[in-house]
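All values derive from a computational prediction rather than experimental measurement. As the structure lists them, so they are numbered: ligands from 1, and atoms in each ligand from 1.
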Amino acid sequence: IVSIMTTTYYRKGVVHEQVLPPEDLAFASELEAAIAHQEFYLVYQPQIDFNSGKLVGVEALIRWQHPQHGVVPPNRFIGVAELTGLIVPMGAWVLKAACQQVTAWQDGELAAAKVSVNVSPLQLQAEGFTDYVRQVLRETGLAAERLVIELTESAFVHSDCKSMQNLQALKRIGVKLAIDDFGTGYSCLAYLRDIPGDYLKVDRSFVNDVPGKERSEAVTSAIVVLGKNLHYQIVAEGVETEAQANYLRGLGCDFVQGFLYARPMPEHELQQWVQARAEVTPAGHQA
Ligand code: C2E
Ligand code: MG
Ligand code: MG
Ligand code: MG
């Protein structure tokens, strides 16, 4: 617990020493124990090609199986994990577990699926991050092109040297990069221009309001056009209705992820979901 009492964190490019308030501290030590006790697991949400209807990838999302409180969603603990630095070992576990899982899938649509892993700015800033990714790819045998690293805009806010070097190095290995939740954080068009990204994920807050809300439509269509002109492939996230899907397909989004298609699922459920799809539509196509 001593290791997490005082924590170093980054804000506006300045390193702060911070003492956590007692409730965060208690929570942080619980999190630390949960890592040791391996109480985390991954769920996978399908990502679908808008045109072919095929499964192209899955996003790995962390869950905490808490001994008393049941399943705890990431929004409840990622923040404290970032403040304390625990996100670094946690994120290392996520990356390895996700890559291991994906290489274990040998059949059907899953055999070629990409895996998207969320990476925190703190991980990206770390000196050894690229080496760790390389090591995981080597150990699991996953092709670099099948790994997509998802970064939120806050990862680029400081555009510190190490993060940028890591991004460039990851690109050289062949790993794909996605800009997550685009349009919400400290949106800056220079990031879009300068980051060597492959995918742009339009945030759910925009997707929620289309079609119908004129101002959200204007922002959403502008993001899609801009992203496409910069040669990003566009992922619509959080799609819940047919109307949203039709609208976003019409704008030219390439991929889609959302409850309309599938919720994030533990791996055995994902297998069943893929199997059921194959039985309905043998070629993996959807209407
Ligand atoms: P994200 O990376 O933007 O992930 C998408 C989130 O949207 C997931 O929430 C997913 O369950 C949810 N979602 C997907 N489709 C729909 C939909 O149609 N409707 C609604 N209402 N929600 C949808 P989840 O799993 O709770 O994760 C929340 C956030 O926590 C993630 O947002 C990501 O920022 C973070 N996170 C999750 N796993 C990890 C991880 O392993 N490492 C890090 N650093 N962050 C993670
Ligand atoms: Mg994500
Ligand atoms: Mg997102
Ligand atoms: Mg999000």
Which atoms form the tightest heavy-atom contact between Thr152 and Asp181, and what is the distance? CG2-OD2, 3.5 Å
What are the two closest heavy atoms between Val224 and Gly252, and how far apart are they? CG1-C, 4.4 Å
Can Arg204 and Glu237 be counted as an ion pair, charged N to O under 4.0 angstrom? no
The Mg ion (ligand 2) -> Glu59, closest N, O or S atom is OE2
Should the pair Trp64 and Phe27 be assigned to parallel (<30°), tilted (30 to 60°) or perpendicular (>60°) ring geometry? tilted
Find, among atoms of Asp181 that are N, O or S, the one nearest to the Mg ion (ligand 3), and state its name. OD1
Asn118 backbone or side-chain N/O/S under 2.8 Å from the Mg ion (ligand 2): yes
Which of the ligand 1 atoms, numbered from 1, are nearer than 4.0 Å to a heavy atom of Gln45: 14 (C), 15 (N)
Can you tell whether the side chains of Lys54 and Glu109 come within less than 4.0 Å, N to carboxylate O? no
The Mg ion (ligand 3) to nearest N/O/S of Asp203 below 2.8 Å: no
More than 12 heavy atoms of other residues, nucleotides or ligands under 6.0 Å from NZ of Lys213: is that the case? no
Name, closest N/O/S atom of Asp180 to the Mg ion (ligand 2): OD2
Look at the side-chain heavy atoms of Ile, Leu, Val, Met, Phe, Trp and Tyr, link any pair under 4.5 Å apart, and say whether Ile149 and Leu137 land in one connected group. yes
Kindly give the heavy-atom pair with the smallest separation between Leu122 and Glu82, and that separation in Å. CD2-O, 3.5 Å
Looking at ligand 1, is there an atom of it that comes within less than 4.0 Å of some heavy atom belonging to Arg204? yes
Strictly under 4.0 Å, does any heavy atom of Gly238 approach an atom of ligand 1? yes
Val136 and Lys96, any side-chain heavy atoms less than 4.5 Å apart: yes
Ligand 1 atoms nearer than 4.0 angstrom to some heavy atom of Gly258 are 15 (N), 18 (O)
Do the rings of Phe255 and Tyr199 sit parallel, tilted or perpendicular, given the 30° and 60° boundaries? perpendicular
Between Phe259 and Pro264, is there a side-chain heavy-atom distance shorter than 4.5 Å? yes
Contact (N/O only, under 3.5 Å) between Gln257 and ligand 1: no
Pro73 near ligand 1, heavy-atom distance under 4.0 Å? no
Is the closest basic N to carboxylate O distance between Glu139 and Arg134 below 4.0 Å? no
With respect to Ile62, determine whether any N or O atom, backbone or side chain, lies less than 3.5 Å from an N or O atom of ligand 1. yes
With respect to Asn118, determine whether any N or O atom, backbone or side chain, lies less than 3.5 Å from an N or O atom of ligand 1. yes
Heavy atom to atom 35 (C) of ligand 1, shortest distance: which of Pro74, Ala60, Pro46, Gly79 holds it? Pro74
Does ligand 1 have any atom sitting under 4.0 Å from a heavy atom of Glu82? no
With a cut-off of 4.0 Å, which atoms of ligand 1 are near a heavy atom of Asp181? 3 (O)
For atom 1 (P) of ligand 1, the option (of Leu151, Thr152, Asp180, Ile78) bearing the nearest heavy atom: Asp180
Side chain or backbone, does Glu59 bring an N or O within less than 3.5 Å of an N or O on ligand 1? yes
Under 4.0 Å from a heavy atom of Val239: give me the atoms of ligand 1 that qualify, with their elements. 18 (O)
So, regarding Phe259 and ligand 1 (criterion: nitrogen or oxygen to nitrogen or oxygen, under 3.5 Å), is there a contact or not? yes
Report whether any nitrogen, oxygen or sulfur of Glu150 sits less than 2.8 Å from the Mg ion (ligand 3) (N, O or S, backbone or side chain). no
Look at the rings of Tyr261 and Phe50 and say which category their plane angle falls in: under 30° parallel, 30 to 60° tilted, over 60° perpendicular. perpendicular
Glu240 heavy atoms within 4.0 Å reach ligand 1 at atoms 17 (C), 18 (O), 19 (N), 20 (C), 21 (N)
Suppose I only count heavy atoms of Pro264 and a 4.0 Å limit; which atoms of ligand 1 are within that range? 11 (O)
Any side-chain heavy atom of Pro46 sitting closer than 4.5 Å to one from Leu270? yes
